[in-house]
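Here is the structure we will look at.
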Amino acid sequence: METTIVIKNLTKKFGNVIAVNDVSLTIEPKTFLTLLGPSGCGKTTLLRCISGLEDPDEGEIYIGDKLVYSHVKGVSIPSGQRDLGLVFQNYALWPHMTVYKNMTFALEIQKLSKEEMKKRVTEALAEVKMSGYEDRYPREMSGGQQQRIALARMLAYRPRVFLMDEPLSNLDARLRMDMRTELKRLHHISDATTVYVTHDQLEAMTMSSNIAVMKEGVIQQMDTPDKVYHFPANLFVADFIGNPKVNLLEGWITGPDLVDLGKFNVPVFTFSHTGDVVVGIRPEDISVSTHAIDGGVEFITYSVLPTGADTTIIARKGDTELTIKEIGVSKLQMDQKIWLTFNKDAINLYDKATGNLITH
Amino acid sequence: MAVISNSRLSASEKWTAVMRRFLRWLTTPHVILSIIMLAVMIYLVIIPLYRMIMTTITVQDIDLRVLKDSEVGDFTWYHWVRMLTSKIAKIMTYEPLVHSIVVSLGATMFALVIGGLMAWMVVRTDMPGRNTIHMLATIPYIMPSWTIAMAWTVIFKNRTTGGTPGLLEYILGTPPPDWLAYGPIPIIVSSGLHYYTFFFLFVSAALLSIDSSLEEAGELAGAGRWRIMRKITFPLVVPAIASGFIMTFSKTMGTFGGPNVLGVPVKYYTLSTMLRSNTGIGNYGDGFVLAIILILFAMTTIMINQKLVGTRKSYETIGGRGFMSQKVKLRNFKGLLTGMVVVFQFLIAILPLVVLLYSTFMLRTGDFSLSNFTLAHWIGKGDISINNGEPGVLRNPKIYLGAWNSIRLSLLTALFTSILGVILGYAIVKGRGTRLSKLVEQMAFIPYVIPGIAFGAVYISMFTKPVGPIPPLYGTFALLVIVSVAKHLPFSARTGVSAMLQVGKELEEAAAIAGASPWRRFVRIIFPLTSTGFVSGFLLNFISTMRELSLIILLVTPTTAVLASMTMRYIENGNEQQADAVILILIFLVLIGNFIISRFRGGSLKKGLGM
């Protein structure tokens, strides 16, 4: 089941609002692509355009080698013939049907034999660890169980493409963690091309093979989670990804590999760039020393927030504030003098005017 | 795979693409259904309205006596001039208009005061027996609107109109004054007592849904009880009061029964009764002028309402659990007030029925003694000295025909209304946000602003002549069904929409993804999930059609007469006891229907009210 999804110049408007703005992207076979962004960024609309539940206004969509939508050619294949499955945020299990009926609804349309249907249901339920729930009605199950059934319903008809629209957002934190594990596992086993929509960066980071970060209908960056985290393509992506948030500081390049931030300088690879810049430093790329060290910048701790596994430290120098993350429980006190050093390799530099990452 | 730009396509390819897109749009289920519904509604509402307007500005057969040089169908302002500026305009138009306004406004205010006060007492005080009070409050509304009017005449009539005395005169020996026997006061009181249920239900629901924390916040801010009531509670129930006001006002404007029973005998005409007397003699040109005035009046009222209490002020009062921590303590007045409410409810819910029943056992009207007792009006074989020789109602084939007509009219109306409800609901909800959907929704709303009797009048003009392939339907039973279904369109749309909204759109989308055709989605997903809503809508339509009078009074003939219209005919012929017996049969049927409903849905009448 090698299915590529190709989207070309896709635009979708709702009245005057442009939900998806001239998006082009190629989703390689077996990819787990997450569309990530704040609410209203167009990620769900893009997913619905792929599914055929929404008709775009411009552009083309191919699933495999089949043209499923083209504005200029006037083509739009109905959802049911696109060979894809969709898991909805609110599960959308039909309340008047048992689990078995829910799962065989599509299979009946495909005119599968009774034995085959039974086999598929049994298998799919086993895959989501819900064996034996065939005769339950949706309302007789918990939210987490309903979610698993919704997933099993999709698995039972074995589509080439899995689409998921914030499937975990109605679950509590604990269940969400379990389901992330299961979903990643399921994708690993099935190898179906998956498009997953979420606003939760942790979900995106943990499960995806690729992340497309969206804002205002435009894809800001599409890359592996690693790249998106360590080399955000612009200030929006840098700011959106990461918890605690990245430190973004305005400054200007004063010499080769040196940026003046007003109160202090940081060493940065400037790639012979000049002018006003924004420096992006992840909290974990700052080291703390409790005594003055060579090249250390003096700060004062403002607040120390341990979580157990790590500690978030807010430090100030005048009106410059930095967020620092240390592994383990920190011994630092509040209002204590500290000296900070920065990991030059991990610092990203952004053009202040365009907000784009500066690379060589 | 490079993107195919528009310019590289040939003209014919572009044309094909445009056609494909258009066809795809056209074959979307909700679009097809919307277009069908638009066609149906244009036929049922727009064309009749147009015909009615045209009738008022063209020469009719009946006008040829006056307009000697004209031919039928010529353009003329004759009817408008006659009805608005001639010498008879005062009697024909302005007096009835004033009467209509007086009666409607009076009845509405009366209903508001009673309904609002009772709602407040039931919800906000520690009055006992609230469930019983709540149940009793719906009874007057379940009965036909002119029930109380008919009971009124039995009790209060005097001999002004040359008839026999009423119960009061029989007991006291002196006749009640004219103002109490006939005219505006009795009409206002009897309609007000019918419609107070609206206010009671609306206001009590609004009061119940107010989040008590809103009032507690006021209390913490140091406001007194009276101030909280004025500044917080009252503004929050204003939308409920306003919508009850408009609904009652426009209903009473178009109502026929009460004014016919209590107004016409003393020549106190309202627009509705005047409209009837014009169309009754075939003077459609003049009658329709009145109908149009009535429609314009009702429309204006509703528009004013929407301006005043627009969406901005219709607060969502969600969030409250509807639990009031503090109730007003009635203390010493508890017993007294409770007693008053109970007596009042008894007077308007039970007494009319008792009085009506009693009157059917009277051989001669006006003699309330036991020696006058007879069963002739129920089971008499037909004595020429009683009721012009008509047999008792239970032996009278006309009554059985009328009852059968009532039942089948109600069944057919309810059936078609439900079907239209499904279609309208689907078309409107699935097309939400498109202009087409909005158009369908708005058009379905039109019958709401047309008062019942005027709506009936609209249909005379439409169906006296053939329209396209459809034969003239005037005088047929089918016409009664059509007019009832058309008048129920707003109700259909509303039930349909709310039933469809209950089915999350994802449920249908999930089926679409699974490859189900629109038809399959409807049969397997949408219909099973909405059917309960439609069944209860069906039953409510059934009983509301059963007691409908104003709508069909202009359209019935002796063979298509229903029980409701028969009560009027018997009254007009002076056969009071038979009229009373017929309305009791009608009430009996309605109560059976209502019993089935309460069985079916736990007795909530609120949702079904309003059309």
Side-chain angles (χ1 to χ4, degrees), chain A residues 4 6 8-10 14-15 24 26 48 51-55 57-60 62 65 67 70-97 101-111 138 150 153-154 156-157 159 163 165, chain B residues 1-31 430-435 438 502-533:
Chain A
T4 314
V6 178
K8 292 176 182 173
N9 303 87
L10 198 77
F14 294 105
S24 298
T26 301
R48 287 171 61 84
S51 74
L53 294 174
E54 211 77 68
D55 246 9
D57 296 312
E58 296 287 341
E60 292 186 338
Y62 291 85
D65 42 16
L67 177 69
S70 167
H71 177 75
V72 291
K73 292 185 188 160
V75 173
S76 179
I77 309 282
S79 303
Q81 294 162 28
R82 294 190 182 192
D83 199 8
L84 41 81
L86 173 55
V87 178
F88 291 83
Q89 181 174 0
N90 62 2
Y91 324 136
L93 293 176
W94 299 300
H96 59 304
M97 297 183 191
K101 283 279 170 198
N102 261 285
M103 292 176 67
T104 53
F105 184 81
L107 306 182
E108 279 171 25
I109 294 166
Q110 291 170 13
K111 301 209 164 60
R153 180 173 69 178
M154 178 179 77
Y157 59 88
L163 304 178
D165 185 6
Chain B
M1 287 191 279
V3 178
I4 302 158
S5 72
N6 221 344
S7 55
R8 275 206 268 146
L9 291 171
S10 71
S12 74
E13 280 172 321
K14 276 185 206 167
W15 175 243
T16 319
V18 169
M19 281 311 293
R20 275 186 190 154
R21 286 200 292 267
F22 177 70
L23 268 177
R24 203 165 68 234
W25 175 78
L26 195 65
T27 52
T28 317
H30 75 81
V31 173
K430 296 301 164 191
R432 267 282 149 93
T434 65
R435 261 170 292 179
K438 206 171 277 170
Q502 278 171 6
V503 182
K505 69 172 183 163
E506 293 85 1
L507 293 181
E508 199 199 352
E509 287 176 351
I513 296 262
S517 65
W519 178 246
R520 194 185 191 100
R521 300 202 292 264
F522 180 80
V523 173
R524 294 285 306 276
I525 310 290
I526 296 172
F527 188 72
L529 292 175
T530 51
S531 52
T532 43

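Quick caveat: nothing in here was measured; it's all calculated off a predicted structure. Note on naming: letters A, B, ... go to the chains in the order of the sequence lines (proteins, then strands), and numbering restarts at 1 for each one.
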Sort [X] into side chain, backbone, both or neither according to what part of it lies under 4.5 angstrom from a heavy atom of chain B.
X: Val75(A); answer: both
X: Leu93(A); answer: backbone
X: Asp165(A); answer: neither
X: Asp83(A); answer: neither

[Y] and [X], any side-chain heavy atoms less than 4.5 Å apart:
X: Glu60(A); Y: Val6(A); result: no
X: Tyr62(A); Y: Lys8(A); result: yes
X: Leu86(A); Y: Glu509(B); result: no
X: Arg21(B); Y: His71(A); result: yes
X: Ile109(A); Y: Tyr157(A); result: no

Partner chain A: residue of [options] with the largest heavy-atom pair count (under 4.5 Å):
options: Ile513(B), Val503(B), Val18(B); answer: Ile513(B)
options: Lys505(B), Arg20(B), Arg24(B); answer: Arg24(B)
options: Gly515(B), Ala514(B), Pro528(B); answer: Ala514(B)

(request) Could you look at Ile525(B) and say if it's the side chain, the backbone, both or neither that has a heavy atom under 4.5 Å from chain A? (result) both

(request) Just give me the residue among Arg48(A), Met97(A), Arg153(A), Gln110(A) that pairs up with chain B most often, heavy atom to heavy atom, under 4.5 Å. (result)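 Option with the greatest count: Arg48(A).
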
(message) With chain B as the partner, which of Ala106(A), Ser51(A), Ser76(A) has the greatest number of non-hydrogen pairs under 4.5 Å?
(response)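 Answer, by heavy-atom pair count under 4.5 Å with chain B: Ser76(A).
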
(message) Using only atom types and a distance under 3.5 Å, with no angle test, would you say the side chain of Ser517(B) pairs donor to acceptor with the backbone of Arg520(B)?
(response)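 Yes, Ser517(B) side chain to Arg520(B) backbone: donor-acceptor pair under 3.5 Å.
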
(request) May I ask you to decide if Val31(B)'s main-chain N or O and Thr28(B)'s side chain share a donor-acceptor pair within less than 3.5 Å? (result)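 Side chain of Thr28(B) to backbone of Val31(B), a donor-acceptor pair under 3.5 Å: no, none is there.
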
